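Structure first, commentary second.
Reckoned from all heavy atoms, side chains included, excluding hydrogens, waters and symmetry mates. Naming: A, B, ... by sequence-line order, numbering from 1 per chain. Predicted model, so just to flag it, every value in this text is computed and none were measured.
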2 protein chains.
Amino acid sequence: MKMRIVLVDDHKVVRDGVKLFLQNDEEFSIVGEAGNAVTALSVIQRENPDVVLMDLSIGEDDGIELTRKMLGENPDLRVVALTMHNDYQYVQAMLEAGAKGYVLKNCDENELREALRTVMNGDIYYGEEVTKMVMNNMAHQQKNEKTASVTFTPREKEVYKLILQELTNQEIADKLFISVRTVEVHKRNLMEKTGAKSSTGLVLYAVKNNLFDHP
Amino acid sequence: MKMRIVLVDDHKVVRDGVKLFLQNDEEFSIVGEAGNAVTALSVIQRENPDVVLMDLSIGEDDGIELTRKMLGENPDLRVVALTMHNDYQYVQAMLEAGAKGYVLKNCDENELREALRTVMNGDIYYGEEVTKMVMNNMAHQQKNEKTASVTFTPREKEVYKLILQELTNQEIADKLFISVRTVEVHKRNLMEKTGAKSSTGLVLYAVKNNLFDHP
DNA sequence: ATCTGACTACGGGTTTACCCGTAAATAACT
DNA sequence: AGTTATTTACGGGTAAACCCGTAGTCAGAT
């Protein structure tokens, strides 16, 4: 029994390339293809494939959202991202959308086959390059943040943490046994230091600079 | 010339264990140790070691903040995290703090040596287990989020994206050529769907669920 | 002993956000 | 043709956030 694959990519060249890879194969068989989101959904519903090979940017459509949607309708579907983006954001988004594999377009034939087999087995596959990129990205994020390093006073940190818990000024005041006005002052100073214009801005700053992330 | 190492860990057992690993060694030499943050800072300033082996939780002190601090004062220092936590949050936080390596305490002697050598060379080292954990974590985050998946209307998404750019309701209204009241409605609905109590809550929800992360 | 930084707090004002209900136009699906 | 979802918008109000200046206390540094 061959593995039934559907290809989703807006570039015909890519689809043909992959078909060439896998045609006349005893293991894999491409049972459908699509160049946009709408077609993809109908083809997949019709063919009910084992695996979907999915590009990230399908013309106007978003492969990540499409993946999310497909898996919402059919959670047993296995999606493998096939893309040229070796980018942390994309890998993360795609895996979180529910993709079971992530392979670069410049991979060799064996890697693609290996990915398909692994995913078919219910496991998760990511190429070596992808793994490397993810780890290096984590390590090098630190460089991007050195520039924007601001120091907060202990009290400011406390207030900041509570802001990040969706508390209002009043609630923060109660929790720290101080006046709301004091909380306002700390907040003002925090906004001054971070360049934020509101609580929302403070949260965004905290996220961008990964403050208070570690538990 | 031996590599000069300072050990920071609040458990004497661990310090002794590592010393046993590396004593009478031609390659490595432990020139100092510390059980808390204050001692660590002074020892490191005195000894100016090549590498610091650092635990994450040093009693009351936070190894992550300590690392950040040390590297702020002396950016050329190489810090290797040595810990039992094989946890995404910790790895990320530590690498972002500027650590050049991350090794688990249950690693074998060779892995520790390899880590020290790699870091000494100016490269970054993380054990195989750590790499595996990070990748699996990324892939499995999706499971935690399936539960909390809400669908937004296109317009709601637009508004949401602008909220995440620190715009006020008025600014969002101007940008979308609609009334502030309309923005308020969308926001109300977003807060309804997400359970957020304010804009801040919406931002936090977006972060936790990694919405709109991919560019 | 003075000075700086951090934390505290108030007054008084403006603006923005949030709450609640209502409701019309449009599109889409049935 | 009728229901439903989406987007649009208003009115009227409350509560919270934000702005700006002032000012006392207390610890630690010079």
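- In terms of polar N and O atoms assigned as donor or acceptor, the side chain of R181(B) never comes within less than 3.5 Å of the base of dG13(D) in a complementary pairing.
- With respect to E156(B), the salt bridge (Lys or Arg N to Asp or Glu O under 4.0 Å) criterion is satisfied by exactly one of K187(B), K193(B), K161(B): K193(B).
- Comparing atom distances between the T153(B) side chain and each of dA9(C), dC19(C), dT6(D) picks out dT6(D) as nearest.
- Side chain of E184(A), nearest nucleotide from dC10(C), dC19(D), dC18(C): dC19(D).
- Here the nucleotide nearest the side chain of S179(B), chosen from dC18(D), dA9(D), dT8(C), is dA9(D).
- A side-chain hydrogen bond (donor to acceptor under 3.5 Å, both in side chains) check over residues 41-53 of chain A, counting only residues at least two apart or in different chains, returns the pairs R4(A)-E47(A).
- Residue R188(A) has its side chain nearest to dG21(D) when only dC18(D), dG21(D), dC20(C) are considered.
- In this structure, Q170(B) atom CD and dT15(C) atom P are separated by 12 Å, rounded to whole Å.
- Considering only the side chain of T168(A), dA16(D) comes nearest among dA17(C), dA16(D), dC18(D).
- dA6(C) atom P lies 12 Å from atom NZ of K157(A), rounded to whole Å.
- Here the side chain of K197(B) pairs no donor or acceptor atom with the backbone of G195(B) at under 3.5 angstrom.
- Distances shorter than 4.0 Å separate some side-chain N or O of K187(B) from OP1 or OP2 on dC18(C).
- A rotation axis mapping the C1' atoms of four pairs onto the next four is fitted at both ends of the helix from dA1(C)-dT30(D) to dC29(C)-dG2(D) over five pairs, and the angle between these axes is 50° to 10 degrees.
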